[in-house]
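Step one of this worksheet: look at the structure below.
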Amino acid sequence: MFKKILVANRGEIACRIIRACREMGIASVAVYSEADRAALHVQLADEAAGIGPAPAVDSYLNMDRIIETAQKRGAEAIHPGYGFLAENPEFARRCEKAGIVFIGPNSRALELVGDKIRARQTMEKAGIPIIPGMKSVAAGIVEYEAEARKIGYPVMVKASAGGGGKGMRIVCSEEELRAGIEGGQREAKSAFGDESVYLEKYIEDPRHVEFQVLADNHGHIVHLFERECSIQRRHQKIVEETPSQALTPELRLRMGETARKVLQVSGYNNAGTVEFLLDRNKNFYFLEVNARLQVEHPVTELTTGVDLVQQQVRIAAGETLSLKQEDLAQRGHAIECRIYAEDPSRNFLPSSGRILYLREPGGPGVRHDGGIYTGWEVPIYYDPILAKLIVWAETRESACARMAAALDDYVILGISTTIPFLKDVISHPRFREGATTTAFIKNHFENWKVKEVAEVGLTLALAAAALDDLSPSQKTGPAPGSKKEVYSPWQTIGRWRIGEKT
Ligand code: MV4
């Protein structure tokens, strides 16, 4: 087993990985940019090393600097987390060359799954269901027109180097095709430096169901069931859960076996996620492989009891999978809410600044994966994810209730967050019914605004607390309009969770 691991990431996921290392008796090295000197992951790790200026290209994406730091500090392996260098085949190859273990798939598998067209070819040959459409790039518009006619409108333009919705266009008729292709090519070129696009049949209002898979370096592959990730906004996931309400035991079995086969034919190792689209008639289609530990991995951990980060480390160290498919089962229900530093009342505008007060929820079945603390200033340079709130309960209904209560119990003051928005999503009748498709947010939460009263109450309390010099023992007199004799902002902040919002 490794003695020391460098964690090439920041925020909540770096903290998550550092904690796994500690539990396994492995020393951790955090890396940080100039904007992250005071970040939580730096405080949690056994060692920390500065790797450059705030912009990610100068720090968290600086491959040479990170590999050099690992060598200097004597780390035998690098965990990339998600984002940044996590799915970069060049980084994996450079690690391999430098004699450092990349905790993730081998560079050849990363290359294959990163190329959507090649992946589609591979999957089709293996008999894995793919969305009807092209399996190579066309030479020009005439060929695209012929292909689109064969597929039948509406079609979808997709970037071969893509993923996450970039370069995607829906095209409903031949008149729109040229503009769709050219727009997709332009976007793909600027986002990935590769303008290759292809066409697929457009599937209306699908569900996004993904399977967690683990593959060791000795040919053993297991899946750890699904995650339902349909609640998204502009390809940004907001709420994830498992099990999916859309699957029957029989469908789950078939999709799980398909997911294992996807990894097998890709020559894949370590943790991966196989994404499927599920149409209205419950046909499923392979979409892509996410070759990383995913943001939403905790819901799988809570329902299967498997620590996915520890599994990744063991696999990377060459151990044989100790898990057997027939021993794995889902128990209960888990839901995750992503807490972003964004203002949901202002079109999810990123919000930066100092966290003046943080109270994390707790209690049975409540897990908080965060990268924040009171007094920390949220930098503007990176993905605005602050933390994840994950709950587990025996049934979906009780998990919803637990999540609603935990969100009410969660206070972050000083910056705007998605917490109030998440409360409304979780309490929405359609969500409670499990009617979660990719159109859910668009259909029910367009132009959502935070409720006036609640906002004013907490802002007042915050202002009063600040005037109070953050001293909980002091009283400041009655709040404007309050019937109470004495007013304590701390009581207001404290009562926030039970809904007494003045
Ligand atoms: C699709 C689709 C409909 N038809 N492909 C979006 C991200 C990328 N991974 C694939 N995506 C989609 N591909 C066809 N042929 C609809 C989406 C899609 C979507 C997929 C998963 C989760 C949320 C989504 C939101 C909008 C569109």
Side-chain angles (χ1 to χ4, degrees), residues 82-83 86-87 113-120 123-124 128-135 144 147-148 150-172 176-177 180-181 183-184 187-188 191-192 196-211 226-242 244-247 255 259 262 272-292 294-296 299 336 338 348 425 431 435-446:
Y82 54 68
E87 294 172 274
V113 302
D115 181 339
K116 309 294 147 186
I117 293 186
R118 246 181 86 206
R120 274 169 67 78
M123 298 316 151
E124 193 188 38
I128 285 152
I130 59 171
I131 301 172
M134 296 167 62
K135 270 135 258 156
Y144 278 115
E147 291 286 350
K150 239 188 337 191
I151 297 165
Y153 288 95
V155 297
M156 200 157 205
V157 180
K158 287 192 178 181
S160 184
K166 282 225 181 74
M168 265 174 38
R169 295 279 190 289
I170 302 166
V171 174
C172 294
E176 298 168 24
L177 187 62
I181 301 270
E187 203 172 308
F192 316 110
S196 314
V197 298
Y198 64 101
L199 300 176
E200 271 180 15
K201 179 77 191 160
Y202 174 64
I203 295 170
E204 209 182 321
D205 208 3
R207 282 184 184 245
H208 172 127
V209 179
E210 59 184 33
F211 273 70
E226 80 278 14
R227 292 183 290 257
E228 158 81 56
C229 306
S230 296
I231 309 264
Q232 309 206 356
R233 184 187 161 274
R234 300 195 181 162
H235 305 298
Q236 177 105 284
K237 292 168 188 163
I238 294 176
V239 178
E240 304 98 343
E241 64 178 304
T242 187
S244 166
Q245 296 305 97
L247 302 195
M255 290 176 79
V262 166
T273 296
V274 181
E275 285 189 9
F276 296 104
L277 278 191
L278 195 62
D279 73 14
R280 286 200 185 116
N281 303 319
K282 307 238 165 155
N283 298 305
F284 68 88
Y285 306 93
F286 166 79
L287 205 52
E288 57 190 75
V289 177
N290 298 136
R292 59 171 186 273
Q294 288 200 275
V295 178
E296 59 271 26
V299 295
E336 172 179 279
R338 297 189 183 190
F348 293 80
V425 170
F431 180 82
T436 50
T437 73
T438 50
F440 177 85
I441 297 293
K442 191 156 34 77
N443 288 349
H444 306 298
F445 287 85
E446 198 93 311

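Just follow the structure's listing: the first ligand is 1, and inside any ligand the first atom is 1.
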With only distance considered, is Thr438 within less than 3.5 Å of ligand 1 through an N or O on each side?
-> no

Does any N or O atom in Glu200 lie less than 3.5 angstrom from one in ligand 1, N or O only?
-> yes

For Tyr202, atoms of ligand 1 separated by under 4.0 Å from a heavy atom | 3 (C), 4 (N)

When distances are taken from atom 20 (C) of ligand 1, the protein heavy atom at minimum range is Leu277 CD2, 3.8 Å

Atom CZ in Arg207, atom CG in Leu247: separation rounded to 0.5 Å?
-> 8.5 Å

Among all protein heavy atoms, pick the one closest to atom 21 (C) of ligand 1 and tell me residue, atom and distance.
-> His208 ND1, 3.3 Å

Given Glu296, Glu210, Gln294, the one that forms side chain to side chain donor-acceptor pair (under 3.5 Å) with Thr273 = Gln294

min-distance protein heavy atom vs atom 8 (C) of ligand 1 -> Met168 SD, 3.9 Å

Closest protein heavy atom to atom 15 (N) of ligand 1, given as residue, atom name and distance to 0.1 Å = Lys201 O, 2.7 Å

Could you find the nearest protein heavy atom to atom 3 (C) of ligand 1 and give me its residue, atom name and distance?
-> Ile203 O, 3.2 Å

Grab the two heavy atoms, one from Phe431 and one from Ile231, that are nearest each other, plus how far apart they are.
-> CD1-CD1, 3.9 Å

Atoms in ligand 1 flagged as close to Glu275, the criterion being non-hydrogen separation under 4.0 Å | 9 (N)

Within less than 4.0 angstrom of ligand 1, does Lys158 place any heavy atom?
-> yes

Under 4.5 Å between any side-chain heavy atoms of Tyr144 and Val157, yes or no?
-> no

Plane angle bin for Phe276 and Phe211 - parallel if under 30°, tilted between 30 and 60°, otherwise perpendicular | perpendicular

closest protein heavy atom to atom 27 (C) of ligand 1 is His235 CE1, 3.7 Å

Heavy-atom distance under 4.5 Å between the side chains of Leu278 and Asn283, does that happen here?
-> no

Should one rank Lys237, Met156, Glu288 by closest heavy-atom distance to atom 9 (N) of ligand 1, which comes out on top?
-> Glu288

Value for CD1 (Ile131) from CZ (Arg120), rounded to nearest 0.5 Å, stands at 7.0 Å

So do Phe286 and Val262 actually touch side chain to side chain, heavy atoms under 4.5 Å?
-> yes

